[in-house]
Amino acid sequence: MPELPEVETIVRDLRPYLVGSRVEALVHLNPVVVRYPDPQNVAAGVEGHTVAWLGRRGKFIQIGLDSAQELVVHLGMSGTLTLELAAAPARTHTHLRLRLNSGSELRYRDPRRFGRVLLGTEGELEQAGVMPHLGVEPFDPDFAAGLAAEVLRTSRRPVKAVLLDQGVIAGCGNIYADEACFLARVRPGRRAWRLTAAERRRLLLALPIVMAEAIERRGTSFSDYRDGFGAKGQAFETLFVYGRGGRACVRCRSTLRQVRIAGRTTVFCGRCQS
DNA sequence: CCCCTATCCTGAGGGC
DNA sequence: TGCCCTCAGGATAGGG
């Protein structure tokens, strides 16, 4: 389940190897994962082009080409984007392979196929309706004072639902929503508009903190996530609540509760998060 | 408009 | 050992 910290780790891993590399050939492409445009145009759009820059927006990986187009990859639930030797055998569910002039291959693998690949200029992807409008980045200097604070102040939805809304906060998923709520001592099921100003402020400060910590540990490898080289991250070991339902709260030792909020498994401490 | 639920998909894990 | 059932969830479509 790659969220912002996992996607950021992948981008940082791949950047020095991809920028300046030329795409010799699109070796393999599963049309199912390519949402825009059609597969033939994707091949024509990447072959012979050089990677100019790598970026991230929310959970989307952007691979900028010298043509002004960008290859955009969303990893969904189980996607990985890894750099491998071109000679190494590709695993099953590898949907996209880009042969680079360095002798490596950039491989997109996604067993569950919840992810997707797009190609186009930024404006084109937006106009085609395949790139959703995303909210504010948690590492934006204005994060705690902007859109997210306003939506939290007024929304009748549960706090957790707001945190997961990509149109409000870009890049937050189930893991870091729960972690931020724990750190801020806010119950994830609370209606957002009922939070006090202090609680709201704690929550908005907590999110970039838990994400920065996860990036330092190279991401949470609960199941499928791997970094840009195929290795696991270490952040799962230091999570406070995610995946720990029924176990003891690290702060007060009471049993962590597990419920469903906004359709997602949610873990919190009934005592610490009043 | 707002919010919730069902859906897509495979692999892991539990029960028997 | 093996089979079957359930569950995990990001984004989106559709319903109330």
Side-chain angles (χ1 to χ4, degrees), chain A residues 1-8 10 30-36 56-62 72-81 90-96 107-118 125-126 128-135 137-138 147 150-181 188-194 207 211 214 219-226 230 232-233 235-236 239 241-247 256 258-268:
Chain A
M1 41 212 79
E3 305 177 24
L4 189 155
E6 289 73 35
V7 174
E8 181 65 27
I10 292 169
N30 179 353
V32 174
V33 301
V34 179
R35 304 296 176 89
Y36 183 90
R56 178 192 61 74
R57 182 76 175 96
K59 301 173 190 171
F60 290 85
I61 298 168
Q62 304 162 303
V72 175
V73 180
H74 192 295
L75 298 172
M77 271 294 296
S78 58
T80 57
L81 191 68
R91 302 182 62 187
T92 54
H93 307 297
T94 299
H95 304 307
L96 180 69
R107 292 173 175 173
Y108 166 62
R109 177 174 184 267
D110 184 7
R112 279 173 242 188
R113 281 184 267 151
F114 282 16
R116 67 198 112 141
V117 174
L118 315 165
L125 295 175
E126 192 180 329
V130 288
M131 187 74 186
H133 177 262
L134 296 172
E137 290 282 337
L147 172 74
E150 182 58 19
V151 174
L152 280 172
R153 195 177 64 80
T154 56
S155 174
R156 299 190 171 282
R157 308 163 72 189
V159 165
K160 174 92 178 245
V162 175
L163 294 177
L164 293 176
D165 188 337
Q166 300 302 297
V168 179
I169 299 171
C172 182
N174 204 30
I175 298 172
Y176 303 106
D178 277 10
E179 293 300 309
C181 285
R190 286 271 296 288
R191 301 285 144 174
W193 67 283
R194 307 203 63 139
L207 193 60
M211 285 184 166
T220 300
S221 289
F222 184 66
S223 53
D224 299 289
Y225 163 72
R226 296 296 183 274
K232 292 186 178 189
F236 183 66
L239 297 181
V241 285
Y242 181 85
R244 302 192 69 248
R247 298 176 58 192
L256 293 174
Q258 182 163 320
V259 297
R260 274 189 102 72
I261 299 171
R264 296 286 167 258
T265 300
T266 302
V267 183
F268 66 97

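Basis for what follows: all heavy atoms, side chains included, without hydrogens, waters or symmetry-related copies.
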### Message
Tell me whether A:E137 contacts the main-chain N or O of A:G58 through its side chain, where contact means a donor paired with an acceptor under 3.5 Å.
### Response
yes

### Query
Once you round to the nearest 0.5 Å, how far does CZ of A:R191 lie from CZ of A:R157?
10.0 Å

### Axial bend angle, the helix from B:dC2-C:dG16 to B:dC16-C:dG2: five-pair end segments, nearest 10°
50°

### Query
How many angstroms lie between atom OH of A:Y225 and atom CD1 of A:I10, to the nearest 0.5 angstrom?
5.0 Å

### Message
To the closest 0.5 Å, what do you measure between OH (A:Y242) and CG (A:N174)?
### Response
5.5 Å

### Query
Would you say A:E126's side chain and A:P132's backbone share a donor-acceptor pair under 3.5 angstrom?
no

### Summary
The contact string for nucleotides 9-16 of chain C, one letter per nucleotide 5' to 3', using protein heavy atoms under 4.0 Å with B, S and - for base, sugar-phosphate only and none, comes out as BBBS----

#### Entry: Under 3.5 Å: donor-acceptor pair, side chain of A:R109, backbone of A:H93
no

### Straight-line distance of A:K59 NZ to A:L75 CG, nearest 0.5 Å
10.5 Å

### Message
By the 4.0 Å heavy-atom rule, please label A:R191 as base, sugar-phosphate, or nothing.
### Response
sugar-phosphate

#### Entry: A:S78 side chain vs A:R112 backbone, donor-acceptor pair below 3.5 Å
yes

#### Entry: chain A contact limits on DNA chain B, taken 5' to 3' with a cut-off of 4.0 angstrom to heavy atoms
B:dC3 to B:dG11

